[in-house]
**Student:** 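Structure provided below as structure tokens; questions to follow.
In what follows, residues are counted from 1 in the order of the sequence shown. These values consider heavy atoms only, across backbone and side chains, with no hydrogens, waters or symmetry-generated copies.
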Amino acid sequence: MAAGNVVATYYYPTAAPGGMEVCGAELGRGAGDKCFDDDGRPKRSGTMWTASAHIITAVIGSGVLSLGWAIAQLGWVAGPAVMLLFSLVTYYTSALLADCYRSGDPTTGKRNYTYMDAVNANLSGVKVKICGFLQYANIVGVAIGYTIAASISMLAIRRANCFHQKGHGNPCAISSTPYMIIFGVAEIFFSQIPDFDQISWLSILAAVMSFTYSTIGLGLGIVQVIANKGVQGSLTGISIGVVTPMDKVWRSLQAFGDIAFAYSYSLILIEIQDTIRAPPPSESTVMKRATVVSVAVTTLFYILCGCMGYAAFGDGAPGNLLTGFGFYEPFWLLDVANAAIVVHLVGAYQVYCQPLFAFVEKWAARRWPGSAFVTGEVEVPLLPGRRRYKVNPFRATWRTAFVVATTVVSMLLPFFNDVVGFLGALGFWPLTVYFPVEMYVVQKKVPQWSTRWVCLQMLSLGCLVISVAAAAGSIAGIASDLKVYRPFKSY
């Protein structure tokens, strides 16, 4: 592994079984292609399926649960159309970004290990700093949003059981604070997994959980439509009169932000691509296939879950389909769905935060290369006499502090829908559209004012307008929430 990249290593007291290939630092570069890639790093083993699992884990997150509400604001025409639009834009710009993983030749060119490395290789200057700030600020925001969403799902399990025992009229007021603390403690533990290469199993588990709760939400929506003896909703969404004209505008803009958040994963695309095994085929080819699979699957789930949520509840669709208590029974099925959400968000939190973790740790290793605290390791026995785990003190301290900080902020701002919308608006244009477009133009030497250049710039400008409008709607929603919110109060 390159200098400054400290990874956890398991040690076994017995020799490797016969015939098992051993790749380790003691073999050196003499081990050749069997152990190392063309950049001297340990051989990558990712495939289209592991990359798809990472993407699905990151994409089919808590955002899917707000899509019924989003379609309720936009209606049967604009709602699904906006979803399809965002899916196409996300796929196209992700394909542009995948081509930027290597500089020059797509098979043998220099690797860019992170999103910032790709920006630095193609754009450089102040744009690198702007990209870094936006990427890592968005990661912090996602961590806060996922903590809020996980606590709401844990709270929903308690409330579903309370409603079942005491009746739907009982307020069942419970504080979300203890559940945020529980989620934070779990994330402290899982955050010690060193990097992307070692969390594939967690991504696959989280992806399975996302399909589980999405399917349950879809099934409950179908049952509710049957019980209603028809489809709810209208072509234009929630009516003026039910809400004021200004509220209609703000809510529609916020819905755009919610949908943008539901498709947001470009900020970690390069990091996911860096886990894919060496060519052939090229990493960009494999990543594009993974993107096709992932975007197609997520769009299908989004349209089914979002449309079915709106069909079931019409203008009264809750902000979170499984925790807004449009459904009360069967309570045990709601418990299963919300437990699946929590497990999924544990994995999604790690997938999103790994780039930030790695950035800070590499910076610290360069800043204090001789510090035992930063670059050293401490052996921790997992099972007495059998297995030991090497822990880097700086990694353990910094990642724990990060989780604690995001958990505390989450306790102060538990606004699920508005936070989701704002995060989507904040990251969509710069990270999903602008930087991929600009890097592609430079890398492929697209002539200025050519037809392709003009079309790419029009795409970027249109998405900028959408992002600004969505951010305005979400800020208006947060401002409205703050007027009535009291920290740490039970709801």
Side-chain angles (χ1 to χ4, degrees), residues 55 81-135 138 256 259-260 263-274 276 279-296 299 424-471:
I55 295 171
V82 169
M83 276 193 203
L84 289 173
L85 173 64
F86 274 97
S87 70
L88 292 173
V89 170
T90 300
Y91 165 71
Y92 181 69
T93 56
S94 295
L96 299 183
L97 186 55
D99 285 332
C100 299
Y101 172 65
R102 286 184 184 265
S103 297
D105 189 272
T107 303
T108 60
K110 179 183 176 296
R111 295 173 185 263
N112 297 308
Y113 302 114
T114 67
Y115 197 118
M116 277 187 67
D117 287 345
V119 174
N120 188 46
N122 291 283
L123 301 179
S124 70
V126 70
K127 291 182 180 180
V128 179
K129 296 180 179 179
I130 294 173
C131 170
F133 172 78
L134 289 172
Q135 182 186 12
N138 204 261
F256 274 78
I259 295 172
Y263 279 103
S264 178
Y265 77 95
S266 295
L267 73 165
I268 58 172
L269 183 146
I270 295 290
E271 285 80 355
I272 293 174
Q273 193 167 343
D274 190 46
I276 295 172
S282 67
E283 296 91 351
S284 62
T285 299
V286 176
M287 195 65 193
K288 289 175 184 177
R289 292 172 184 169
T291 297
V292 169
V293 171
S294 304
V295 172
T299 300
L426 180 67
F428 178 70
W429 175 71
L431 298 173
T432 301
V433 182
Y434 175 75
F435 283 114
V437 164
E438 292 302 306
M439 286 191 288
Y440 182 81
V441 166
V442 171
Q443 180 136 322
K444 299 300 182 182
K445 297 180 174 60
V446 179
Q448 193 171 17
W449 300 111
S450 65
T451 302
R452 191 169 200 181
W453 185 90
V454 170
C455 290
L456 287 169
Q457 298 306 320
M458 289 177 64
L459 171 66
S460 182
L461 180 61
C463 291
L464 171 61
V465 172
I466 292 173
S467 287
V468 170

**Student:** Working to the nearest 0.5 angstrom, can you tell me the gap between S450 OG and Q448 CD?
**Tutor:** 9.0 Å
**Student:** Can you sort out the partners of Y101 under side-chain hydrogen bond (donor to acceptor under 3.5 Å, both in side chains), two or more places apart, ordered by chain and number?
**Tutor:** R111, D274
**Student:** What's the shortest heavy-atom distance between I55 and S294, and which atoms?
**Tutor:** CG2-CB, 3.4 Å
**Student:** Could you pull out all residues at least two apart from Y115 that satisfy ring-ring contact (aromatic ring centres under 6.0 Å, His included)?
**Tutor:** none
**Student:** Tell me, do Q135 and P430 make a side-chain contact under 4.5 Å, heavy atoms counted?
**Tutor:** no
**Student:** M439 and L96: side chain to side chain contact (heavy atoms under 4.5 Å, CB included), yes or no, with the steps?
**Tutor:** CA-CA 8 Å; M439 286 191 288; L96 299 183; over 6 Å; no
**Student:** For L431 versus N138, what's the shortest heavy-atom pair and its separation?
**Tutor:** CD1-CB, 4.2 Å
**Student:** For V89 versus L459, what's the shortest heavy-atom pair and its separation?
**Tutor:** CG2-CD1, 4.1 Å
**Student:** Which residues pass the salt bridge (Lys or Arg N to Asp or Glu O under 4.0 Å) test with R102, sequence neighbours left out?
**Tutor:** D38, E283
**Student:** Got more than 12 heavy atoms from elsewhere within 6.0 Å of NZ, K444?
**Tutor:** yes
**Student:** By the ring-ring contact (aromatic ring centres under 6.0 Å, His included) test, which pairs, at least two apart or in different chains, include something from residues 439-468?
**Tutor:** W449-W453
**Student:** If we only count heavy atoms from C-beta on, is the L456 to Y92 side-chain gap below 4.5 Å?
**Tutor:** yes
**Student:** With distance as the sole test, does W429 use its side chain to make a donor-acceptor pair with the main-chain N or O of V465 at under 3.5 Å?
**Tutor:** no
**Student:** Roughly how far apart are R289 CZ and I276 CD1, rounded to 0.5 Å?
**Tutor:** 10.5 Å
**Student:** On a heavy-atom basis, which atom in I270 and which in C100 lie closest, and how many Å separate them?
**Tutor:** CD1-C, 4.5 Å
**Student:** Should L123 and F435 count as side-chain neighbours, where that means a heavy-atom distance under 4.5 Å?
**Tutor:** yes
**Student:** May I ask you to check whether N122 and S103 show a side-chain donor-acceptor distance below 3.5 Å?
**Tutor:** no
**Student:** So V441 and R452, do their side chains get closer than 4.5 Å, heavy atoms only?
**Tutor:** no
**Student:** Could you walk me through whether E438 and Q457 pass side chain to side chain contact (heavy atoms under 4.5 Å, CB included), step by step?
**Tutor:** CA-CA 9 Å; E438 292 302 306; Q457 298 306 320; 3.3 Å; yes
**Student:** Would you compute the distance between atom OG1 of T90 and atom CG of L85 and round it to the nearest 0.5 angstrom?
**Tutor:** 9.0 Å
**Student:** Taking the six-membered ring where the residue is Trp, are the ring centres of F428 and F256 under 6.0 Å apart?
**Tutor:** no
**Student:** Return the set of residues passing salt bridge (Lys or Arg N to Asp or Glu O under 4.0 Å) with D99 (not counting sequence neighbours), or none when no residue passes.
**Tutor:** K288
**Student:** Can you list the residues that meet the side-chain hydrogen bond (donor to acceptor under 3.5 Å, both in side chains) rule with Y113, with sequence neighbours excluded?
**Tutor:** D39
**Student:** Do M287 and S94 pass the side chain to side chain contact (heavy atoms under 4.5 Å, CB included) test, and can you show the C-alpha distance, the side-chain angles, and the key distance before you say yes or no?
**Tutor:** CA-CA 9 Å; M287 195 65 193; S94 295; over 6 Å; no
**Student:** CD of Q273 to OG1 of T291: how many Å apart, nearest 0.5 Å?
**Tutor:** 8.0 Å
**Student:** Any donor-acceptor pair under 3.5 Å linking the side chain of T93 with the backbone of P436?
**Tutor:** no
**Student:** Got a second to check how far L84's CG is from T299's OG1, nearest 0.5 Å?
**Tutor:** 7.0 Å
